[in-house]
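Encoded as structure tokens, the structure appears first; notes follow it.
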Amino acid sequence: MNTGFRGVIAVDGPSGSGKSSVCREVARTLGLRYLDTGAMYRAVTWAALDRGLDLTDQPAVAALSRALVLDVATDPASPRIAVDGVDVTAAIRQTRISENVSAIATNLDVRSDLIARQRALIEEKGAGIVAEGRDITTVVAPDADVRLLLTADENARIARRARELHGNDDAASLAATHAQIATRDARDSTVVDFLVAADGVVEIDTSPLTFEQVVAAVLRVVSETAGAPAR
Ligand SMILES: Nc1ncnc2c1ncn2[C@@H]1O[C@H](COP(=O)(O)OP(=O)(O)O)[C@@H](O)[C@H]1O
Ligand SMILES: Nc1ccn([C@H]2C[C@H](O)[C@@H](COP(=O)(O)OP(=O)(O)O)O2)c(=O)n1
């Protein structure tokens, strides 16, 4: 479906709420670009580890971030990210990155560098965009045409992530995933609030919904607030 909607859709939410998968599908459906801002924090983490930096050395990590050439491809059919010419799309999903990314995401100088880059990507001319992360509705693009917070109760989020990472949600997989997600969300939420909807942000609790139902709910909100027809 290609509706004429060419605006900005901003989506936030905690890990496992469904942001990446839902936003890609919404972008594909509406013929918009797709920006995964979490991938940018992961890419800086990859580069800092690659260079052997001490991740707690905030000035050194921020200087590295500012010096990096980040190429972010926003086609929802194949979102990619490269750091200084090296495609790290797959590498940034490794556990070692997930375990270390909060050290980068809580570095306020890295945040201001990446926020500026994200604003530039969102404002690029052409098709509109679906941008997702933790602070898109509040900091990066508070003037977005559509602003959404995807939530889900912790058990649902952990079970989804366990199925994605381990292929099942048995007790061992749930325990391993719980440790990773809860620690990361707790650390990340010290610098941005992605658990409570800011004024004017529409919250969708995805816990009882299938993936398809969440996509339909998002398209409905887009239609109601920005005039694009729901499917
Ligand atoms: N409503 C849903 N019900 C069940 N699984 C879902 C739902 N939405 C997304 N998923 C799956 O849950 C996992 C986490 O979703 P993802 O989009 O990566 O979340 P986030 O980007 O918020 O961390 C993925 O494997 C995704 O396919
Ligand atoms: N706009 C954003 C996007 C992500 N982050 C942080 C939060 C996460 O720990 C990392 C990685 O984000 P990502 O969306 O890939 O995380 P998930 O594994 O999908 O939960 O970056 C952020 O602080 N601000």
Side-chain angles (χ1 to χ4, degrees), residues 5-27 30 32-42 72 74 101-102 104-124 128-158 160-161 181-209 211 213-228 230:
F5 175 81
R6 284 290 171 272
V8 176
I9 301 175
V11 181
D12 289 321
S15 187
S17 56
K19 298 178 304 294
S20 306
S21 52
V22 168
C23 290
R24 267 184 82 174
E25 181 60 17
V26 167
L30 296 176
L32 303 176
R33 295 176 296 141
Y34 162 68
L35 177 62
D36 173 0
T37 61
M40 298 172 74
Y41 288 94
R42 287 171 176 272
V72 183
T74 55
V101 66
S102 289
I104 305 303
T106 53
N107 181 325
L108 297 182
D109 291 329
V110 171
R111 293 199 78 82
S112 39
D113 174 44
L114 293 187
I115 288 166
R117 295 175 190 245
Q118 289 156 12
R119 286 183 178 144
L121 284 161
I122 288 170
E123 283 159 18
E124 263 174 27
I129 195 160
V130 185
E132 53 101 347
R134 303 293 192 282
D135 59 348
I136 313 304
T137 63
T138 52
V139 177
V140 176
D143 297 331
D145 303 277
V146 179
R147 295 159 74 219
L148 289 163
L149 180 73
L150 296 190
T151 58
D153 63 54
E154 193 173 73
N155 288 341
R157 295 190 289 108
I158 289 168
R160 289 174 188 169
R161 199 51 106 206
I181 284 198
T183 314
R184 190 143 61 88
D185 280 347
R187 271 196 221 133
D188 296 340
S189 60
T190 60
V191 289
V192 273
D193 184 359
F194 48 82
L195 299 174
V196 176
D199 270 359
V201 174
V202 177
E203 178 171 347
I204 299 175
D205 179 1
T206 71
S207 320
L209 304 177
F211 169 75
Q213 287 171 327
V214 181
V215 171
V218 172
L219 291 173
R220 219 163 20 244
V221 176
V222 174
S223 163
E224 284 160 10
T225 55

Atom [atom1] in [X], atom [atom2] in [Y]: separation rounded to 0.5 Å?
X: R24; Y: D36; atom1: CZ; atom2: CG; value: 9.5 Å
X: Q118; Y: D113; atom1: CD; atom2: CG; value: 9.0 Å
X: L150; Y: D205; atom1: CG; atom2: CG; value: 10.0 Å
X: F5; Y: L219; atom1: CZ; atom2: CG; value: 10.5 Å
X: I129; Y: E124; atom1: CD1; atom2: CD; value: 7.5 Å
X: L149; Y: T206; atom1: CG; atom2: OG1; value: 10.0 Å

(request) Please test Y34 against S20 for side-chain contact (heavy atoms from CB on, under 4.5 Å), starting from the C-alpha separation and ending with a verdict. (result) CA-CA 9 Å; Y34 162 68; S20 306; 3.6 Å; yes

Check [X] against [Y] and note the closest heavy-atom contact, atom names and distance.
X: R184; Y: S102; value: CG-OG, 3.3 Å
X: R160; Y: G16; value: NH1-O, 3.0 Å
X: M40; Y: L35; value: SD-CD1, 4.2 Å
X: C23; Y: E132; value: SG-CB, 3.7 Å
X: A10; Y: A144; value: CB-CB, 3.7 Å
X: A152; Y: A156; value: CB-CB, 4.5 Å

(message) Quick check against the 3.5 Å criterion: does R147 have a side-chain atom that pairs as donor or acceptor with the backbone of P142?
(response) yes

Sequence neighbours excluded and cut-off under 3.5 Å, please list the side-chain donor-acceptor pairs for residues 189-203, or say none.
{"unit_1": "S189", "atom_1": "OG", "unit_2": "D185", "atom_2": "O", "d": "2.9"}
{"unit_1": "S189", "atom_1": "OG", "unit_2": "A186", "atom_2": "O", "d": "3.1"}
{"unit_1": "T190", "atom_1": "OG1", "unit_2": "R187", "atom_2": "O", "d": "2.6"}
{"unit_1": "D193", "atom_1": "OD1", "unit_2": "L195", "atom_2": "N", "d": "3.0"}
{"unit_1": "D193", "atom_1": "OD1", "unit_2": "V196", "atom_2": "N", "d": "3.4"}
{"unit_1": "E203", "atom_1": "OE2", "unit_2": "T151", "atom_2": "OG1", "d": "3.2"}

(request) Side-chain contact test, heavy atoms from C-beta onward, threshold under 4.5 Å: evaluate it for L30 versus I9 and give yes or no. (result)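 Heavy-atom side-chain distance check passes, below 4.5 Å.
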
(message) I'd like to check T37 versus L114 (side-chain heavy atoms, cut-off strictly below 4.5 Å). Are they in contact?
(response)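 No, every pair of side-chain atoms sits at 4.5 Å or beyond.
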
(message) Under the criterion side-chain contact (heavy atoms from CB on, under 4.5 Å), I'd like the reasoning laid out for L148 against I204: C-alpha separation, chi angles, the key distance, then a yes or no.
(response) CA-CA 7 Å; L148 289 163; I204 299 175; 4.0 Å; yes

Indicate every side-chain donor-acceptor pair of residues 133-140 with a distance under 3.5 Å to a residue at least two apart or in another chain.
{"unit_1": "D135", "atom_1": "OD2", "unit_2": "R111", "atom_2": "NH2", "d": "3.0"}
{"unit_1": "T137", "atom_1": "OG1", "unit_2": "D12", "atom_2": "OD2", "d": "2.6"}

